[in-house]
Amino acid sequence: MPETAQFVDPRRWKALIFIALAQLMVVLDATIVNIALPSAQADLGISDGNRQWVITAYALAFGGLLLFGGRIADLWGRKQTFIVGLIGFAAASAVGGAALNTPMLLGARALQGVFGALLAPSALSLLAVMFTDAKERAKAFGVFGAIAGGGGAVGLILGGVLTEYMDWRWTFFVNIPFAIIAAIGAVAVIREPVESHNSSRLDVPGVILATTGLVSLVYGFTRAEADGWSAGPTIGLFVAAAVLLVAFVVVESRVKAPLLPLRVVADRNRGGVYASLALAIIGMFGLFLFLTYYMQVVKGYSPVRTGFAFLPMVAGMITGSTQIGARLMTRVPARLLMGPGFLVASVGMLLLTQIDLDTSYPALILPGFLLLGLGMGTAFMPAMSLATHGVEPRDAGVASAMVNTSQQVGGAIGTALLNTIAASATTEYAKSHAAGAPSRTALQLQSMVHGYTAAIWWAVGILVLAAVIAITFINAGQPEGGGAVAGSGDGAAEDAVPVMAH
């Protein structure tokens, strides 16, 4: 498709502004509610058992429908899907901000996830087909990677400001101007080549199996907290998830136009990116939730102070992504950025296992946050670029959806899994130390901190595993002349000349 390869959109940098704005809205929405959650919980009378559903409902719908959203982008066109996603996300945010009770809030969060599943893969695949020059692509993905890595922490800061000085409802309403500006900009400046569309029929069985399989998997982790790992419902959900996802793979290998062509994930580089990103996000999302409650409940920080306490992590992510990842991506193999990046982040996480009731922020939490941000930012940048490594243009949407799926499913699993670990450790500590506790309040706080540190230890191990997978599986190397990162697999030959698939 030589005419496609030569396409250069003169408005691509303007388009990047609106694509980045939409991505920022989606990513920060995953965490902006965390800071507001204690206030929303008190206002709407949400029980402790249901509060995590404010986070999980969004992640379930988002993660479960991302592959569907990616294929819809390939079928309808990425620009059209992008705009529909923006409008729907704004409407769902308005409902969330106006929520009168728990079901209304949870429904709005799920609806946000549905439209986010259209928006996120179309944003990344638009970027992939609009930037074809190696150096320009590195800069564009540097911006996108910084937003993907740092947007969650930005959400914590913005959530703190809005919650303390306005109302928790504004953590939803703030999405509306983001969406309107991005939609107007998309109509005005975004253009995509028609040649990159995929006109194949939608794989309905694949949609049903993938969605129900992913939802069962995440819901299984969620139920483990309430019922225990050996409970019948928990085991049943995990078994159902395994059966559904295996059936999905079988169907995808046989249908003419699969929802997820197995060629997209069979490449070791893309597979390594998806797996390592999912693991890294499992660790990060749980950390956001724990440290938010640690700083507000244990340390007594205000929502704004809590938000700004995360600022060094944001700075580290932006620095790692734009100053390290983007500058080195065209010079060194991706695994030498992703593997060490995840290891640096694990060192930062390791520091945070030492938190206690009287932990000093400058002495321990600050360096932990800086290392976490720097490492994750460095790793995210090449991961975002490599996610569409060598794919055919018709698969750009679903390949982009896979990187978002790995993040969102990882986030949902991370929140549920680490929350379960923390809750179990908290209960055990409270039981074993009840006799010698100076007061009930002190015991509750110390038990809470013990639960957090137990879960953070698991997060350390998960990040190390992410590093091992990145170093082992990803073998995309440095091309001659310092161009785009090349590699093996089905796209290696194409990577020598920048193509629309990137």
Side-chain angles (χ1 to χ4, degrees), residues 7-30 62 66 69-70 72-74 76-90 93 112 115-133 135-152 154-155 175-193 196-197 317-318 321-322 325-326 380-381 383-388 391 393 396-405 407-408 498 500-502:
F7 175 83
V8 177
D9 188 345
R11 295 176 294 182
R12 61 196 179 281
W13 291 107
K14 291 181 181 178
L16 175 63
I17 295 172
F18 300 108
I19 293 171
L21 184 64
Q23 176 68 5
L24 176 62
M25 179 186 72
V26 171
V27 174
L28 69 82
D29 193 78
F62 202 162
L66 269 166
I72 288 293
D74 289 334
W76 287 0
R78 285 130 203 157
K79 177 178 177 178
Q80 182 175 333
T81 307
F82 183 72
I83 293 169
V84 169
L86 282 167
I87 295 170
F89 200 93
S93 298
Q112 281 184 312
F115 286 103
L118 291 176
L119 182 57
S122 57
L124 183 55
S125 56
L126 275 172
L127 203 66
V129 300
M130 293 178 75
F131 288 88
T132 59
D133 176 76
K135 291 185 178 178
E136 285 192 350
R137 187 167 57 251
K139 292 178 182 177
F141 275 105
V143 172
F144 200 85
I147 290 171
V154 172
N175 291 327
I176 298 173
F178 274 94
I180 290 173
I181 294 169
I184 293 172
V187 171
V189 304
I190 290 180
R191 186 160 58 99
E192 63 170 319
S196 66
H197 289 189
M317 284 179 172
I318 293 173
S321 183
T322 61
F380 267 54
M381 200 276 122
M384 290 295 168
S385 179
L386 210 56
T388 51
V391 297
V398 74
S400 302
M402 270 303 298
V403 74
N404 284 286
T405 299
Q407 289 184 71
Q408 290 302 321
M500 294 303 294
H502 288 278

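Bear in mind that the values here come from a model prediction, so they are computed numbers and not experimental data.
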Minimum heavy-atom distance between [X] and [Y], given as atom pair plus value:
X    : Y    : result
F115 : F89  : CB-N, 3.6 Å
A22  : L119 : CB-CD1, 4.2 Å
R78  : S122 : O-CB, 3.6 Å
V26  : F62  : CG1-CE1, 3.3 Å
F178 : L21  : CD2-CD1, 3.3 Å
I176 : A90  : CG1-O, 3.8 Å

- Item | CD-CD1 distance between Q80 and I190, expressed to the nearest 0.5 angstrom |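 CD1 of I190 is found 13.0 Å from CD of Q80.
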
- Item | Any L86 side-chain heavy atom under 4.5 Å of M25 side chain |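 Side chain of L86 against side chain of M25, heavy atoms only: contact under 4.5 Å found.
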
- Given L118, which of I83, I87, T81 fulfils the side-chain contact (heavy atoms from CB on, under 4.5 Å) condition?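 Exactly one candidate clears the test, T81.
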
- Item | Partner residues of S93 under the side-chain hydrogen bond (donor to acceptor under 3.5 Å, both in side chains) criterion, sequence neighbours left out |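 Here the qualifying residues are Q112, N175.
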
